[in-house]
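The structure under discussion appears below in the form of C-alpha cells.
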Amino acid sequence: MTAQYVVDGLALGAVYALLALSYSLIFGVIRIVNFAQGELITLGCMGALAGWSLSAGMPTPLRVGLMVLGAIAVSCAGGLAMEHFLFRPLLKRSSPTLLGLIASLGASIFLQNVLRLSISSSDIVFPRLVPVDPLGVFGLQIAPVQFVLLATTAVLATMTVLFVERTRLGLTIIAVRDNRELAEANGIAVATVLRGVFIASSLLAAAAGVMMGLYYGVARYDMGFLPGIKGFTACILGGLGNVRGAAVAGILLGLAESLGTAYISSAYKDGYAFVLLIAVLLLRPHGLFGDGDAR
Amino acid sequence: MLRVQNLRTGYGNLEVLRNVSLHVDAGEIVVLIGANGAGKSTLMNTIAGLLRPREGKVLFLGEPIQSRRASEIVSRGISLVPEGRQLFAPLTVLENLTLGAYSLPRKQRTLAVQGKLEEIWGLFPILYERRRQPAGTLSGGEQQMLAVGRALMSRPKLLLLDEPSMGLAPLVAKEIFLAIRRLRENGTTILLVEQNARAALAIATRGYVLEVGMIVAEGKSEELSSSKEIVRAYLGKDYKEVWE
Ligand SMILES: Nc1ncnc2c1ncn2[C@@H]1O[C@H](COP(=O)(O)OP(=O)(O)OP(=O)(O)O)[C@@H](O)[C@H]1O
Ligand SMILES: [Mg+2]
C-alpha cells in the first residue's frame with residue numbers, strides 16, 4: 001500500500017510546495033519570517049469563494065473565471081497591504097528581523113480574527129469543482145483533484161523558477177536579495193522589486209488557497225495558519241531563498257507527513273514536518289539544497 | 001559637471017559632513033583623500049543619492065539632484081562603485097554586467113550593452129574569460145574589476161570610485177589605476193576616493209583633502225604632492241624608505 005501513501009503524500013506536498021515557493025520569494029528578499037504568509041492562502045480561498053457565490057446563476061466557466069479572479073484579487077490586495085503597512089516601514093528600522101517576526105505574528109492573529117468575525121467562525125463549504133472520488137489507476141486510488149493539484153503545482157513551480165532565473169525582473173530579485181545597497185546604487189528601484197515579489201508570492205498563495213479549497217471541500221478563517229508554517233518549514237528545508245529547493249522540499253514534506261501518518265501514528269500528523277526539519281538542519285545547516293548564497 | 005555646495009550629511013545624531021563644497025569639471029580625475037572616518041564614503045553615497053543631505057546642494061550638469069532617488073541619479077549619468085568590491089555574488093560576471101545597464105532606456109539597452117561589454121572586455125580581458133562564473137568565486141582583483149565594469153555599463157558621464165585599490169596587491173592595484181587612466185582618456189570624468197594618496201595623485205588632475213567632515217586643502221595634484229603637511233599626513237614615507 002506504500003504506493004498509495006506516496007500518491008497521497010505527493011498531492012499534499014504539492015500544496016506545501018506552492019506555499020514554500022510563496023515563502024521563499026518573500027523571505028529571500030526581505031529576510032523576515034512572515035507569519036502572516038498563511039493568511040494570504042486564506043484570503044485567496046475566501047476571494048475564490050466570493051467570486052463563486054457572487055456569480056451564482058451564471059454559466060459555470062464564467063463562474064470559475066470569476067473565482068480565480070477573486071482569489072487573485074483578494075490575495076494580492078492582502079500581500080500588497082502587508083508590504084506597504086508592515087514590511088516597508090519595518091525595513092527602515094534597525095532590527096527588522098525580530099520586529100518583523102512579532103509584527104507579522106500580530107498581523108496573522110489580527111487577520112484571522114477579522115475573517116472570523118466578518119465571515120464565519122466555522123467551516124464554509126467550498127464547491128467541489130473537481131471530483132474527489134478516487135479512480136482506480138494501475139491499482140492505485142487517485143482522485144482527479146489530486147491530478148489537478150500536482151499539475152497546477154508543476155506548472156506554477158516551473159514558471160516561478162523560470163521567472164526568477166531567466167527574466168530581467170527575476171535577476172533584479174536575486175540582486176536585491178544578495179546586496180540591497182548595491183542594487184540601489186545600480187539604479188534598481190528596490191521598492192518596485194519588493195512590490196513585484198509580494199505580488200508573485202500572493203499569486204502562489206492564492207493558488208494554494210484554491211487548491212486547498214478544492215481538496216478539502218471547506219474553507220475556514222484559520223485554514224492557512226498551519227500550512228503557512230509548514231510552507232515556511234519547507235522553505236528552510238530547501239535552503240532559504242532557493243526556489244528550486246523550496247519546491248522539492250515541499251513535496252518531501254508532504255511525503256513525510258503521509259508516510260508518517262500511515263506507518264507511525266496519525267496523532268503526530270503535524271509533527272513529522274518539524275522532525276524532518278530538525279534532522280535536516282542538524283546534518284545540513286543550509287538546508288537540503290542551500291549553500292548559503294545559492295540562487 | 002559636478003558641484004557640491006555646503007553639504008551636510010549625518011546619521012542620526014552624528015554629523016559627518018560639515019559643510020563640504022567641491023567641484024569636478026568635465027574630463028577631470030579629481031581625488032579625495034582623507035583619514036579613516038573622515039566622511040569620504042558618506043560624501044560619495046550622498047552624491048549618488050543613497051543618503052539624503054540635511055543641507056546643501058549637489059548640482060549635476062547645472063541641475064540640483066540632492067533630493068533625487070538613486071535610480072534617477074544613475075539614469076542622469078552618475079555611477080558609483082561603492083567601497084569594498086560590491087557585486088552580486090550569486091550572479092555570473094555577465095549577469096552582473098547586464099544588470100549594470102538596468103537604468104538604460106529599453107530601446108537603447110541591447111545595443112548599448114553589446115558596445116559596453118566590448119569596451120569592458122578590452123579594459124579587463126580576464127573578465128571575458130570568467131564571464132560565465134559566479135561573481136562570488138572571483139579573486140579580489142577580478143571582483144574589483146567587475147565592480148568597476150558594472151558601474152560603467154550604465155554609460156556614466158561621471159564615475160564615482162570609492163577606494164578601488166583597497167586590499168589589493170600592489171600589482172593588481174596598479175592595473176586598476178591604469179584602467180582608471182584609460183577611462184579618463186575615453187572621456188569619462190572621475191571622482192576618486194583613495195587611501196593610496198601617492199598613486200591617486202599621480203593620475204589625478206586635482207585633489208581635495210577631507211578631515212573630520214571638512215575640506216581642509218585643495219589644489220592641483222602637483223601642489224598637493226609637494227605640500228609639506230600633506231606629505232606628512234597622507235603620503236608618509238614609502239614603505240621602501242621605512243624598511244631601508
Ligand atoms: N551607516 C552608518 N551609520 C552610522 N554612522 C555611520 C554610518 N556610516 C558611517 N558612519 C560614521 O560616519 C563617519 C564617516 O564614515 P565614512 O564611511 O564616510 O568614512 P570614510 O572617510 O569613508 O572612512 P574609510 O576611509 O574608513 O572608508 C564614521 O565616523 C562612521 O563611523
Ligand atoms: Mg570609506
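Letters A, B, ... mirror the listed sequences (proteins, then strands); counts begin at 1.
More than 12 heavy atoms of other shown residues, nucleotides or ligands fall within 6.0 angstrom of atom CZ in Arg52(B). A 6.0 Å sphere centred on CZ of Arg69(B) holds no more than 12 heavy atoms belonging to other residues, nucleotides or ligands. The local environment of CZ in Arg54(B) is crowded, with over 12 non-hydrogen atoms from other residues, nucleotides or ligands closer than 6.0 Å. Around CZ of Phe274(A), the count of heavy atoms belonging to other residues, nucleotides or ligands within 6.0 Å exceeds 12. Counting non-hydrogen atoms of other residues, nucleotides and ligands closer than 6.0 Å to CZ of Arg244(A) gives a total of 12 or fewer. Heavy atoms from other residues, nucleotides or ligands lying under 6.0 Å from CG of Leu111(B) number 12 at most. The local environment of CD in Gln133(B) is crowded, with over 12 non-hydrogen atoms from other residues, nucleotides or ligands closer than 6.0 Å.
Pairing each heavy atom of Ile188(A) with each of Tyr102(B), the nearest pair is CA-CE2, 3.6 Å. Contact between Pro90(B) and Ile174(A) at its shortest, heavy atoms only, is CG-CG2, 4.0 Å. For the pair Ser71(B) and Gly187(A), the tightest heavy-atom approach, listed with the atom from each and the gap, is CB-O, 3.2 Å.
Interatomic distance, CD of Glu184(A) versus CG of Leu80(B), reported as 11.0 Å (0.5 Å rounding). Here the CG-CG distance, from Leu182(A) to Leu99(B), works out to 9.0 Å after rounding to the nearest 0.5 Å. Ser79(B) contributes atom OG, which lies 7.5 Å from atom CG of Asn186(A) (distance to the nearest 0.5 angstrom). Once rounded to the nearest 0.5 Å, the distance linking CZ of Arg109(B) with CZ of Arg168(A) reads 3.5 Å. For the atom pair CD (Gln86(B)) and CG (Asn179(A)), the distance works out to 4.5 Å, reported to the nearest 0.5 Å.
Contact count versus chain A (heavy atoms, under 4.5 Å) is highest, among Ile78(B), Asn96(B), Leu87(B), for Leu87(B).
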